[in-house]
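Everything quoted here is computed from the prediction, not taken from an experiment.
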Amino acid sequence: MKKTNFYLLAALFFVTLTLSFTKYIDFVEIYRDKKQVIYKQPTDFSSGWIKQQKFAQVIKNKKGKIIKTGEETTLQYWLCDCENEKYRIGEYITYGENGIIGRGVNSEPAKRVIPESIGEFIFESFCKKEKPANDSVKVSNP
């Protein structure tokens, strides 16, 4: 009886560990620059989680001491309206070096996508559909 309980607990522990570990490896890097990295949790839907990691900056404080500041990670749940080219960030949570900085549910209405922005890049990662060719204008060769 004790051996059965041990194996059952060991199997339960292994499954829990595996499931919690897979949550961390589901994110895929989609953007990087010198200030941040943005990851997306792969999905076939027009909504999902985005993780933004801002790198620490090295600065001098008022006393002249060199310090690191600004390192934080934000998780955002993006809801994209691909047809109307609008998006909304639903839930979010931001972590800093000392724990949670902010969290909440965003009740703002959907926003238009700003061209050539990181937001547009994220939006397009959710709405990857090919745009149909415009056949209404035909150009003939002289």
Check your understanding: Checking side-chain contact (heavy atoms from CB on, under 4.5 Å) for the pair Phe55/Val37: CA distance, chi angles, key distance, verdict?
Key -> CA-CA 8 Å; Phe55 301 130; Val37 179; 3.2 Å; yes

Quick one: [atom1] on [X] to [atom2] on [Y], what's the gap to the nearest 0.5 Å?
X: Lys51; Y: Ile30; atom1: NZ; atom2: CD1; result: 12.5 Å
X: Cys82; Y: Glu124; atom1: SG; atom2: CD; result: 10.0 Å
X: Tyr77; Y: Ser47; atom1: OH; atom2: OG; result: 3.0 Å

Exercise for review: Tell me, please, which residues at least two apart from Tyr92 pass side-chain contact (heavy atoms from CB on, under 4.5 Å).
Suggested key: Gln76

Check your understanding: Which residue pairs satisfy the side-chain hydrogen bond (donor to acceptor under 3.5 Å, both in side chains) criterion with at least one member in residues 59-75, sequence neighbours excluded?
Key -> Thr74-Thr94

Name each donor-acceptor pair under 3.5 Å that joins a side chain in residues 101-121 to protein atoms two or more places apart or in another chain, with its distance.
residue	atom	partner	partner atom	Å
Asn106	OD1	Glu108	N	2.9
Asn106	ND2	Ile89	O	3.2
Ser117	OG	Ile114	O	2.6
Ser117	OG	Gly119	N	3.4
Ser117	OG	Glu120	N	3.1
Glu120	OE1	Glu116	N	2.6

Practice item. For side-chain contact (heavy atoms from CB on, under 4.5 Å), just list the numbers for Ile50 and Tyr31, CA-CA rounded to whole Å, side-chain angles, deciding distance to a tenth of an Å, and then say yes or no. Key: CA-CA 11 Å; Ile50 293 291; Tyr31 178 83; over 6 Å; no

Point to revise | Short side-chain to backbone donor-acceptor contact, Lys40 and Ser125, under 3.5 Å | key: yes

**Study point:** Cys80 and Cys127 SG atoms less than 2.5 angstrom apart
**Key:** no

Point to revise | Worked verdict on Phe27 versus Leu75 for side-chain contact (heavy atoms from CB on, under 4.5 Å) | key: CA-CA 11 Å; Phe27 285 92; Leu75 288 169; 4.0 Å; yes

Exercise for review: Determine, using the 4.5 Å side-chain heavy-atom cutoff (strictly less than), whether Trp49 and Ile38 are members of one ILVMFWY cluster.
Suggested key: no

Exercise for review: Return the minimal non-hydrogen interatomic distance between Trp78 and Phe123, and the atom names on each side.
Suggested key: CZ3-N, 4.2 Å

Check your understanding: What are the two closest non-hydrogen atoms of Arg32 and Tyr39, and how far apart are they?
Key -> NH2-OH, 4.4 Å

